[in-house]
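This report refers to the structure that appears directly beneath it.
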Amino acid sequence: MTAPTTPAPATAPVQTDDTPGSTATGQAPGTVLHGPVIAWFEQHARDLPWRRPEAGPWGVMVSEFMLQQTPVNRVLPVYEQWLTRWPRPADLAKEPPGEAVRAWGRLGYPRRALRLHGAAVAITERHGGDVPTDHAQLLALPGIGEYTAAAVASFAYGQRHPVLDTNVRRVLARAVTGVQYPPNATTAAERRLARELLPDDERTASRWAAASMELGALICTAKNENCHRCPIATQCAWRLAGKPEHDGPPRRGQTYAGTDRQVRGRLLAVLREAVGPVPQSVLDRVWDDPVQRARALDGLVSDGLVEPLPGRLYRLPLT
DNA sequence: GACACGTGGGA
DNA sequence: TTCCCAAGTGT
């Protein structure tokens, strides 16, 4: 395991004259959070494969793609299969994109598989087969946005970046801002806060990123938060305020049943299991409405997830 | 900024 | 059973 670096004890006095929601003016609002959270992380962090040294930058990157909107437990087995089969970006880049989609299995959002394959190709062609270390170069890769670029740079290379995922956003919303949930979409205020809270030291910053994320994943969860096990419960603005109920606009709920997404999922499931090209007549059985069915299939084709062949045949893309 | 985009487990 | 949600990105 990694050596438990003793975090510098936060001896700074408690914030005084700031209203719970106001952190704009403070010098280092929440510096006092780093120590306890990192110490808690050293003690309670899960032993996940992509956190082991042998995972390397490619392992970190693969895990970040898979973890986008997908729970850890479901990612675990697929991650192991991928890294065994494609231990380096160049190994994946050699494969047809459809193989990535097939190996993605039931993780969901299969476009991520396509983009990860595209990223592997780009890394092989433009970066000599090594996951780039530069944030801007990471951001330029398909499927990598602000979060993933920061996460890879921080977790794989120990760099100092604000890593603002849904877990960290929730932790900051509660501990610092004093509200139950962050806004639906990430705001400039949240980015500013995350940057202000970033420890100066690179090593501590990357540790803080992982630790605050883990706290949100294990303790400060969306439902049933476990304040009694939280290392910063005594400083949490939301808890100190009496844990007021979320008021703002309703939290976005995603519908699924009956949508094109569900149809796409069924179509792709058939194609993943198939060895060779699949006749349209077989695909037709997955959904009754022919209009929606055709629209979904067209969408998959235009997304590059499905390749149409002459004679009303379909398969996962070879190119 | 709002939407589309998969899937399955837990409460 | 229904609802909520899980390390986001691209358009």
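Per chain, numbering begins at 1; letters A, B, ... match sequence-line order.
- Listed nucleotides C/dA7, B/dA11, C/dG8 differ in distance to A/Asn224; the shortest reach to its side chain belongs to B/dA11.
- Considering only side-chain atoms of A/Leu67, the nucleotide from C/dT9, B/dG6, C/dA7 that sits closest is C/dA7.
- Picking from B/dT7, C/dA7, B/dG6 the nucleotide with the shortest atom distance to the side chain of A/Met213 gives C/dA7.
- Using a 4.0 Å heavy-atom distance criterion, A/Asn73 is classed as making no nucleic acid contact.
- In this structure, A/Thr148 reaches the C/dT9 phosphate: one of its side-chain N or O atoms is under 4.0 Å from OP1 or OP2.
- Checking B/dA4, C/dC5, C/dA7 against the side-chain heavy atoms of A/Trp50 singles out C/dA7 as nearest.
- Closest approach to the A/Arg74 side chain among C/dA7, B/dG8, B/dC5 is made by B/dG8 (side chain taken as heavy atoms from C-beta onward).
- Side-chain proximity of A/Arg115 to the nucleotides C/dG8, C/dG10, B/dG6 is greatest for C/dG10.
- Across the protein-nucleic acid pair, A/His246 atom NE2 and C/dC4 atom P stand 12 Å apart, rounded to whole Å.
- Just one of A/Leu218, A/Val163, A/Leu164 meets the side chain to side chain contact (heavy atoms under 4.5 Å, CB included) condition when paired with A/Met213; it is A/Val163.
- Relative to the side chain of A/Arg106, the nucleotides B/dT7, C/dA6, C/dG8 differ in distance, and B/dT7 lies closest.
- Across all strands, A/Val72 comes closer than 4.0 Å to base atoms (heavy-atom distances).
- Atoms CD1 (A/Ile144) and C1' (C/dA7) sit 13 Å apart, rounded to a whole Å.
- Across all strands shown, A/Arg264 has heavy atoms under 4.0 Å from sugar-phosphate atoms exclusively, and none from any base.
- Mapping A/Thr221 and A/Glu146 onto DNA chain C via the closest heavy atom, the residue that lands nearer the 5' end is A/Thr221.
- With respect to A/Asp260 and A/Arg295, a salt bridge is recorded, a charged nitrogen being found less than 4.0 Å from a carboxylate O.
- Nearer the 5' end of DNA chain C, as judged by each residue's closest nucleotide, is the contact made by A/Lys223, out of A/Thr166 and A/Lys223.
- Listed nucleotides C/dA7, C/dG8, C/dC5 differ in distance to A/Gln69; the shortest reach to its side chain belongs to C/dG8.
- Both A/Thr186 and A/Leu268 lie near DNA chain B, and the one whose nearest nucleotide falls closer to the 5' end is A/Thr186.
- As rounded to whole Å, 14 Å separates atom P of B/dG9 from atom CG of A/Leu76.
- Set against B/dA11, C/dA6, C/dT9, the side chain of A/Pro71 has C/dA6 as its closest nucleotide.
- To the nearest whole angstrom, the two P atoms, one in C/dT9 and one in B/dG9, are 25 Å apart.
- Applying the 4.5 Å side-chain rule to ILVMFWY residues, one finds A/Val101, A/Leu114, A/Val263, A/Leu267, A/Leu268, A/Val270, A/Leu271, A/Val278, A/Leu283, A/Val286, A/Trp287, A/Leu297, A/Leu300, A/Val301, A/Leu305, A/Val306, A/Tyr314, A/Leu316 in the same cluster as A/Val282.
- C/dT11 and B/dG6 have their P atoms separated by 14 Å, given to the nearest Å.
- With rounding to whole Å, A/Met61 atom CE is found 13 Å from C/dT9 atom C1'.
- Taking atom P in both C/dA7 and B/dA11, the straight-line distance is 15 Å, to the nearest Å.
- Following chains of ILVMFWY side-chain contacts shorter than 4.5 Å, one can reach A/Val60 starting from A/Phe41, so the two form part of one hydrophobic cluster.
- Salt bridge status for A/Glu225 with A/Lys243: present, with a side-chain N to carboxylate O gap under 4.0 Å.
- Atoms OG1 and CD, on A/Thr84 and A/Glu80 in that order, are 6.5 Å from each other to the nearest 0.5 Å.
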